[in-house]
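The next block holds one structure in the form of structure tokens; read it before the comments.
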Amino acid sequence: MENLFWMQCLTAINGQTLQLIKPGSPRGVKGAGVYNMHKIKCFECGSEITDPFLDACPKCGGILTIETDLDAVANLKPKDLREKPLNVWRYAPFLPVKCNVSLLEGGTPLYDCRALSKQLGVKEVYVKYEGANPTGSFKDRGMTVGVSKAIELGCQTVGCASTGNTSASLAAYAAKGGLNCVVLLPSGKVAAGKLAQAMFYGAKVVMVNGNFDDALNVVKSLADERVLYLLNSINPYRPEGQKTLAFEIVDQLNFEVPDRIIIPVGNAANIWAVYKALSEWKALGWIDKMPKLTGIQAEGAAPVAKAFKEGSSDFQPELNPETIATAIRIGNPASGRKALKAIYDTKGYSTTVTDAEILDAQKLLGRKEGVGVEPASAASIAGLVKLRNEGVIDSDERVVCVCTGNVLKDPDTVIKSCGNILNAEPNVTDVKRVID
Ligand code: F0G
């Protein structure tokens with residue numbers, strides 16, 4: 001029976017010859033053999049999907065989601081999880097796959113940013129620093145789960161479209177898992193650190209003459225033709241890994257739920273993942289309230305924030321998205337409707353920030369707190385500043401800003417925005433002269 005399943009997977013993924021990669025050889029994290037029995041459902045019409053290779057509902061074209069089996073974890077207690085090390089696989093009973101490939105992702109710091117909270121007049125401000133993940137962004141949480149799934153399904157080639165971080169992460173996890181990797185990037189718009197990573201880990205890097213939305217359309221077609229297994233966040237397994245970001249925040253705050261979580265929004269899966277995680281724990285009675293999920297977009301790429309402003313649960317795609325925060329330079333967010341649900345259901349908020357506000361916030365965080373994040377990540381800090389000034393955020397709130405990627409991802413932007421370098425002759429007198 002099991003063999004028949006694997007044979008079907010093989011035929012499904014390629015139709016030609018594909019080497020079966022044997023499932024069930026966990027690497028990286030020991031003891032993560034537990035996983036959640038789950039269903040794949042259409043987010044829009046609720047149909048159950050049985051083909052694990054689909055990335056859209058065959059009936060209505062809607063985006064897919066995983067229905068976690070909460071009965072299976074009903075007897076579990078937070079303290080049971082807390083015996084395991086703090087990383088993605090601490091939460092294995094809530095994840096729809098066994099760990100096959102890990103680089104020890106997750107377990108990132110939650111910084112208590114007192115200088116920032118004092119300056120902004122907000123009771124508590126924390127930064128969840130996702131730049132500390134193995135490839136420097138939160139994408140690793142989704143990729144350990146997504147690539148583990150690819151291996152479970154017997155896939156040999158994985159691929160994605162990306163503004164940079166997804167490709168860097170997928171390239172690394174594919175390397176660790178022994179898979180081929182193809183990444184499609186928007187030409188000329190990928191930050192240097194991310195491009196270097198995708199090349200370095202051995203992915204086939206294809207620059208597409210278009211933006212992220214164009215690249216995503218192409219890679220979806222390649223997945224439909226079974227050329228590769230798609231690991232963009234429309235793959236419902238990816239956001240499942242990203243749920244652990246929210247699990248960790250609550251865990252690190254000793255189950256005292258923050259009032260608000262601020263998240264940069266691009267293709268919009270991450271805010272959905274955070275919502276889904278917290279909804280699961282709320283349903284189990286592990287937490288007593290939902291934080292207000294607050295999605296921040298760059299002014300030049302803001303379909304979700306604009307829909308929120310209009311009170312709509314759907315968004316209008318933008319044809320020519322533009323922002324210095326290239327990671328979130330996305331006009332047609334695949335999970336946009338999921339993001340809006342997350343925001344409305346939690347009585348959250350969404351707004352835009354300008355490129356100038358993003359760069360100011362990036363420096364503020366670096367210089368007040370010593371935390372280095374890339375521009376897209378600084379959007380959450382810029383959103384905090386803006387919404388505090390506008391009075392949307394109260395002074396007595398406990399706020400967590402998710403800072404999604406490391407400052408070293410985009411060194412060019414930092415070097416441009418941080419002003420002059422001093423030059424001196426190689427002697428003490430001249431160095432004293434220039435630093436005066
Ligand atoms: N922050 C960073 C650093 C990102 O790389 C991304 C997305 C986001 C925020 C937004 O997350 O798409 O789930 O709303 N980067 C994708 C990529 C699109 O290809 O790396 P989202």
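Order of appearance sets the numbers: ligands from 1, and atoms from 1 within every ligand.
- Considering backbone and side-chain atoms alike, Thr163 places an N or O below 3.5 Å from some N or O of ligand 1.
- Using modelled atom types and a 3.5 Å distance limit, the side chains of Thr144 and Glu105 yield a donor-acceptor pair.
- The side chain of Lys139, and not its backbone, has at least one atom closer than 4.0 Å to an atom of ligand 1 (non-hydrogen atoms only; side chain from C-beta on).
- Annotation: cation-pi pair Lys149/Tyr237 present, NZ/CZ under 6.0 Å from the ring centroid and within 45° of its normal.
- Using a 30° and 60° split on the angle between ring planes, Trp286 and Phe94 fall in the perpendicular class, above 60°.
- Checking Asp224 against Ser221 by side-chain atom types alone, no donor-acceptor pair falls below 3.5 Å.
- In terms of polar-atom proximity, defined here as any N/O pair under 3.5 Å, Ala161 makes no such contact with ligand 1.
- Closest to atom 11 (O) of ligand 1 among all protein heavy atoms lies Phe138 CZ, 3.5 Å.
- Close contacts of ligand 1 with Glu374, meaning ligand atoms under 4.0 Å from a residue heavy atom, involve 3 (C).
- For the residue pair Thr294 / Arg260, a side-chain donor-acceptor distance below 3.5 Å is found, with atom types taken as modelled.
- The closest side-chain donor-acceptor pair between Thr135 and Asp140 falls under 3.5 angstrom.
- Protein heavy atom closest to atom 13 (O) of ligand 1, with residue, atom name and distance, is Asn270 N, 2.9 Å.
- In this model, no donor atom of one side chain and acceptor atom of the other lie less than 3.5 Å apart for Gln242 and Lys139.
- Residue Ile271 does not touch ligand 1, judged by heavy-atom distances below 4.0 Å.
- At a 4.0 Å heavy-atom cut-off, ligand 1 does not touch Gln242 at all.
- Annotation: atom 12 (O) of ligand 1 to nearest protein heavy atom, Asn267 N, 2.7 Å.
- Summarising the local packing, NZ of Lys292 is surrounded by 12 or fewer heavy atoms from other residues, nucleotides or ligands at distances under 6.0 Å.
- Listed by number with element, the atoms of ligand 1 under 4.0 angstrom from any heavy atom of Ile328 are 8 (C), 9 (C), 10 (C).
- When Arg141, Arg82, Arg90 are each tested for a salt bridge (charged side-chain N to carboxylate O under 4.0 Å, His left out) with Glu248, only one passes: Arg141.
- The shortest N or O to N or O distance between Thr404 and ligand 1 is under 3.5 Å.
- Salt-bridge check for Lys289 with Asp259: passed, with a basic side-chain N closer than 4.0 Å to an acidic carboxylate O.
- An N or O contact shorter than 3.5 Å is missing between Lys194 and ligand 1 by distance.
- Taking all heavy atoms of Ser162, Ala191, Ala268 into account, the minimum distance to atom 19 (O) of ligand 1 is reached by Ser162.
- Set against the non-hydrogen atoms of Asn165, the atoms of ligand 1 under 4.0 Å away are 2 (C), 3 (C), 4 (C), 5 (O), 20 (O).
- Between Ser167 and ligand 1, no N or O atom pair is found at a separation short of 3.5 Å.
- Ranking protein heavy atoms by distance to atom 4 (C) of ligand 1, first place goes to Ala327 CB, 3.6 Å.
- The pair Glu240-Lys276 counts as a salt bridge, with a side-chain nitrogen and a carboxylate oxygen less than 4.0 angstrom apart.
- Comparing Gly142, Ala269, Gly266 against atom 10 (C) of ligand 1, the shortest heavy-atom distance belongs to Gly266.
- Taking the charged nitrogens against the carboxylate oxygens, Arg226 and Asp51 do have a contact shorter than 4.0 Å, which makes a salt bridge.
- Given atom 20 (O) of ligand 1, the protein heavy atom at minimum distance is Thr166 N, 2.8 Å.
- With ligand atoms numbered from 1 in the order given, ligand 1 contributes 14 (O) to contacts under 4.0 Å with heavy atoms of Val265.
- Contacts between Ile330 and ligand 1 below 4.0 angstrom, taking non-hydrogen atoms only, involve the side chain exclusively.
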